[in-house]
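Chain letters run A, B, ... following the sequence lines, proteins first, then strands; residues in each count from 1. These values consider heavy atoms only, across backbone and side chains, with no hydrogens, waters or symmetry-generated copies. Just so it is clear, the model here is predicted, and its values are computed rather than measured.
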Amino acid sequence: MPPSLLHGLNPEQLAAVTLPHESALILAGAGSGKTRVLTTRIAYLIQSGQSGPSNIFAVTFTNKAAKEMLTRIAAMLPINTRGMWVGTFHGLANRMLRAHHREAGLQALFQILDSADQLGAVKRLLKALNIDAEKYPPKQLQHFINGAKEQGLRAHMIEAFDPYTRRQQELYAAYDEQCQREGVVDFAELLLRCYELLQRDAHLRHHYQERFSHVLVDEFQDTNQLQYLWLKLLAGERAAVFAVGDDDQSIYAFRGARVGNMADFERDFQVRQIIRLEQNYRSHGNILDAANALIHHNQSRLGKNLWTAEGSGEPIRLFEASSDFEEAAFIVDEAKALQREGVLLSNMALLYRSNAQSRILEHALFNAGIPYRVYGGLRFFERQEIKHALAYLRLVANPDDDGAMLRVINFPTRGIGVRSLEQLQEIARQENLSLWRAAQLGRMGGKAGTSISAFIALIDALRETCSSLPLPEQIDHMLEHSGLVAHYKAEKEGAERLENLNELINAAAGFVLEHSADQADASPDMLAAFLTHASLEAGEHQAAAGQEALQLMTVHAAKGLEFHAVFISGLEEGLFPHENAAQERDGLEEERRLMYVAITRARRRLYLSFADSRMLHGQLRYGIASRFLDELPTALLKRLNRAAPSRVAEEPVMPFSPGKRAATEPGSAWHIGQAVTHPKFGPGIIINSEGRGTDARVQVSFSHSGVKWLALEYARLEAA
DNA sequence: TTCCAACTGTTTTTT
DNA sequence: ACAGTTGGAA
């Protein structure tokens, strides 16, 4: 064994990496080198000959983490990582189901529904069964179905003691039937199917249990019941399960994560000792002391205390603002000061509990001319135009996909209205056929009938042409002939959508490039693989090492990241901890863990801020400081003074004070609050702005013509 | 089919 | 406050 692999590991890390063949629980604190231990363990197992690459099964939650793991393994070992089973829960389940689709009762090209698709499917189901969506809200039913699946329960296994639950149970069964008919599978179904497959098929089960001698799990505290059951089944009696997690960073109970899995694991797998990684390599002492003190207030913990070899560093800065507005101004000032000290903006994070809080912060940053990037929001494959394009492709791959059919049969509009669609759906139901097959019967009369036949012919033609084309050209061809391009060209706000559609072709080209090495480029398989990729990997959402911009995100989104300086804003009772958390069982403890995650993101400097008043849901609300602030030792805190009162008093009491920084670019002639005149609309005041350069627009409240958005490049605005 | 007014629900989110 | 959705009228 070359020492290089194990070099530089501390004793606990080394112990974890070189554990004998037995199941182990690694309690890895924030910044304790968790990913390093996990990947080094894999490399060690392979390099020491205890295991071949194909005997490893390593699972994570996010694509980003999976990719990171593969990259690191590849850097440590001269092996081809392609054959290794390293991926996300859903990615690996998908892989197994594709390999054994017949045994799993699925068609070869089964499609994967994302949450939005699933919600659509539920709505469709309710409509088809004539069920009042008011009484059975689709979202709630979706939640019910996913909740059941995530516990490993099929509809018939649910115990229903009241009529309402019984009805939901029936609808769950009907939903599963509908999915089966259409050849689609939702996220939870991927795992449940795979679990049931292994449970039912002893031959397959033994095959995989034999093969995977080492099962490694990242972020174990985030696993749900079904994931745990699946792992248990996969591991069997012989595999060594290496579970890495941190109960103090469990912040996803609200979506089914079961921290209890850690205790169950300890028992079920006869874990002999828990290895604790407590040395933190990220933060200075004061920050860790604060985090430790805070989390100490939680009752249900496995217990762990982070320490560092570094000094205590700077005190934690605490700022009380009179309003959310002032809080934002404070953060802007401090970010600028840090920038002057040489800290990169991309090394600063501005965190908040809920997305709604970003608006005012963005506004302040924009006006100060500080570049920023907000994480969260719509992802690439979730955009409307991309969804439409994918629906065409899905229909080409699988005509029975009713969801895809409904999405595009009249988009762009081809005169197939709701009326005709209802008729078609009626035929489909009577004949027990998919919409596609119902349409093929040609029983629809009139104009709509002709249009429907034309649509069928269009998709058939697309399928015909596509079979001989490389994937990117298939998409290009489809975009043209479906009329999507023409439709968005005609739409006034369609330019960006067209760009995205173009980007879809690029994404496909990139995908082909990456996957043609291990797969002969048989076109239909390539298309199916790309569609899977689109559902399973909806595009970047979590923060990556960003461009030179201040990083804005929720605390949840910040998990796993680190920054030189971190601002945690909105530390008020009701906001953080969130008021809704008080009702839930263990809600407050989860909020505290969330705060713990937030604090431990900081390497060197930590700012905590709260505001005495804030606009919330359109109303001014007065709040008090978060209890979490009281739980931090005062000795670690340095209260920063508010700006000199004289300066505050001198500011005119106006919603937007003149003299703030330029609204568009630093040095621009325009700023918020400025009085202007327009040749047509007359006098007005600039009240908002967005974009930069030639895209810059300002919102002007005109005295006589109301509020309007104007492009600075074209509007002939004059300072009044 | 398109547009607008009224209405709704606003914690966190990956796959 | 505000964005997203729905229902009705044009």
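Within the 4.5 Å cutoff, the side chain of Ile568(A) has no heavy atoms near those of the Ser609(A) side chain. Side-chain contact between Tyr352(A) and Thr554(A): present, with at least one pair of heavy atoms (C-beta onward) separated by less than 4.5 Å.
Aromatic rings from Phe511(A) and His533(A) are positioned such that their centres are separated by under 6.0 Å. Ring-centre distance between Phe411(A) and His487(A): below the 6.0 Å cut-off. The distance between the ring centers of Phe254(A) and His556(A) falls below 6.0 angstrom.
In this structure, the CG atom of Asp324(A) is 12 Å from the C1' atom of dA1(C), given to the nearest Å. The distance between atom CZ of Phe187(A) and atom P of dT15(B), rounded to the nearest whole Å, is 8 Å. A straight line from NE2 of His143(A) to C1' of dT11(B) spans 13 Å, rounded to a whole angstrom. A straight line from CG of Leu378(A) to C1' of dT13(B) spans 14 Å, rounded to a whole angstrom. Look at CG on Leu531(A): it is 18 Å from P on dT15(B), rounded to the nearest Å. Atom pair Tyr375(A):OH and dT11(B):C1' shows a separation of 21 Å (rounding to whole Å applied). Taking atom CG on Leu588(A) and atom C1' on dT11(B), their separation rounds to 14 Å, with Å as the unit. The CD-P distance, from Glu590(A) to dT13(B), rounds to 12 Å in whole Å.
Within 6.0 Å of the CZ atom in Arg98(A), the count of heavy atoms belonging to other residues, nucleotides or ligands exceeds 12.
Within 4.0 Å (heavy atoms only), Phe576(A) reaches no atom of the nucleic acid at all. Residue-level contact check: Glu584(A) touches the bases, meaning some heavy atom is under 4.0 Å from a base atom. Within the nucleic acid shown, Asp222(A) has no heavy atom closer than 4.0 Å to any nucleic acid atom.
For Ser354(A), the side-chain atoms get nearest to dT12(B) when compared with the rest of dT13(B), dT15(B), dT12(B). Considering only the side chain of His617(A), dT10(B) comes nearest among dT13(B), dT10(B), dT15(B). Comparing dA1(C), dT12(B), dT15(B) by their nearest atom to the side chain of Thr554(A) picks out dT12(B).
Only the P atoms considered, dT13(B) is 16 Å distant from dG4(C), to the nearest whole Å.
OP1 or OP2 of dT15(B) has at least one side-chain nitrogen or oxygen of Asn63(A) nearer than 4.0 Å. One finds a side-chain N or O of Arg359(A) lying less than 4.0 angstrom from the OP1 or OP2 phosphate oxygen of dA3(C). Considering only side-chain N and O atoms, Asn355(A) lies under 4.0 angstrom from the phosphate OP1 or OP2 of dT12(B). The phosphate of dT13(B) (OP1 or OP2) has no side-chain N or O of Arg379(A) nearer than 4.0 angstrom.
Arg614(A) forms no cation-pi arrangement with Tyr622(A), by the criterion of a distance under 6.0 Å to the ring centre and an angle within 45° of the ring axis. Because its NZ or CZ atom is not both nearer than 6.0 Å to the ring centre of Tyr596(A) and within 45° of the ring axis, Arg593(A) does not count as a cation-pi partner of that residue.
Under the side chain to side chain contact (heavy atoms under 4.5 Å, CB included) criterion, Glu573(A) pairs with Pro577(A), Ile624(A), Ser626(A), Arg627(A), sequence neighbours left out.
For the salt bridge (charged side-chain N to carboxylate O under 4.0 Å, His left out) criterion with Asp222(A), the lone passing option out of Lys559(A), Arg255(A), Arg258(A) is Lys559(A). If you run side chain to side chain contact (heavy atoms under 4.5 Å, CB included) between Met553(A) and each of Leu350(A), Leu561(A), Val374(A), Asn355(A), only Leu561(A) comes through.
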Fill in: Per-nucleotide protein contact string for nucleotides 5-10 of chain C, where B marks a base within reach and S marks sugar-phosphate only (heavy atoms under 4.0 Å, - for neither)
------

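Residue Ser115(A) places a side-chain atom within donor-acceptor reach of the base of dT15(B), judged by atom type and a 3.5 Å distance cut-off alone.
Heavy-atom nearest nucleotides on DNA chain B were determined for Ile251(A) and for Gly539(A), and the one closer to the 5' end corresponds to Ile251(A).
The ring of His578(A) lies on top of the base of dT11(B), close enough and flat enough: under 5.5 Å between centres, under 30° between planes. An aromatic stacking contact links Phe254(A) with the base of dT12(B), defined here by ring centres under 5.5 Å apart and ring planes under 30° from parallel.
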Polar atom pairs (N or O), protein with nucleotides 1-9 of chain B, under 3.5 Å:
{"from": "dT1(B)", "atom 1": "OP1", "to": "Asn410(A)", "atom 2": "ND2", "distance (Å)": "3.4"}

